[in-house]
Structure formats: structure tokens, C-alpha cells
Amino acid sequence: MAGVEVIGTAGDVRAALELVEEKHPTVMLVDPRLPDIDAGRALLSGISLGWPSVRLVLMGWTDERDGVPAEAAFVSKTALPEEFVAATLKACNC
């Protein structure tokens with residue numbers, strides 16, 4: 001069974017993009033609404049343009065897809081840790 005390695009966390013779009021550039025993750029777990037919806041959309045757009053091979057798992061209170069890449073997976077913020085891991089593994093086909 002494959003494992004999940006957390007390579008870092010980021011509190012804003014710039015830090016997230018720098019982390020992707022440095023670490024080259026397979027999957028990113030993103031809350032597209034924080035710190036605000038426009039910043040979340042900018043992050044998703046930046047990832048799609050700069051690193052199209054990075055898979056996205058979005059977390060939130062609802063599965064709203066406005067401005068979200070169709071291939072992105074979704075997990076509820078209230079999910080159990082195992083559900084976050086399962087969504088991440090599914091996103092990278094592990």
C-alpha cells in the first residue's frame with residue numbers, strides 16, 4: 001500500500017506556489033476558500049497553468065465547483081483523517 005508524505009503547508013497563494021516549485025508534489029490538498037475565494041481561485045489557476053500534472057484534492061464545507069477544475073477531487077472539512085488519505089491516494093491513482 002502506498003503512503004502519504006506531507007511536504008509542507010502554506011498560508012497564502014505565494015507560499016503555496018513556492019512550495020510546489022520546490023517540492024514537486026503529486027497531489028495537493030487545498031481549501032480554495034482561504035484566505036478568500038479570489039486567492040483560492042488564483043492558486044488553482046496557478047497550479048493548473050504551471051504544474052498541470054499536480055492533482056488537486058479540495059476540501060470545504062460544500063462541494064461547490066465554481067471555478068474548480070473538473071478533475072479535482074473533493075473531501076469535506078469534517079472528514080475523518082482516513083478519508084483525507086483515501087481522497088489523496090485516489091487522486092494520484094496510488
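- Follow the hydrophobic side-chain contacts under 4.5 Å out from Ile47 and you never reach Leu19; the two are in separate clusters.
- Across all non-hydrogen atoms, the minimal contact from Glu21 to Trp51 is OE1-CZ2, 3.1 Å.
- The line from CE of Met28 to NZ of Lys23 is 13.5 Å long, rounded to the nearest 0.5 Å.
- Side-chain contact between Val75 and Leu29: present, with at least one pair of heavy atoms (C-beta onward) separated by less than 4.5 Å.
- Here the side chains of Asp31 and Leu58 are not in contact, with every heavy-atom distance at 4.5 Å or above.
- Between Val30 and Met59, every side-chain heavy-atom pair lies at or beyond the 4.5 Å cut-off.
- A distance-only check finds a donor-acceptor pair linking the side chain of Ser48 to the backbone of Leu44 [under 3.5 Å].
- Grouping the Ile, Leu, Val, Met, Phe, Trp and Tyr side chains by contacts below 4.5 angstrom, directly or via other members, places Val85 apart from Ile7.
- Smallest separation of non-hydrogen atoms from Val57 and Val27: CG2-CG1, 3.7 Å.
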Verdict with reasoning, Leu17 to Leu43, per side chain to side chain contact (heavy atoms under 4.5 Å, CB included): CA-CA 7 Å; Leu17 293 175; Leu43 175 60; 3.8 Å; yes
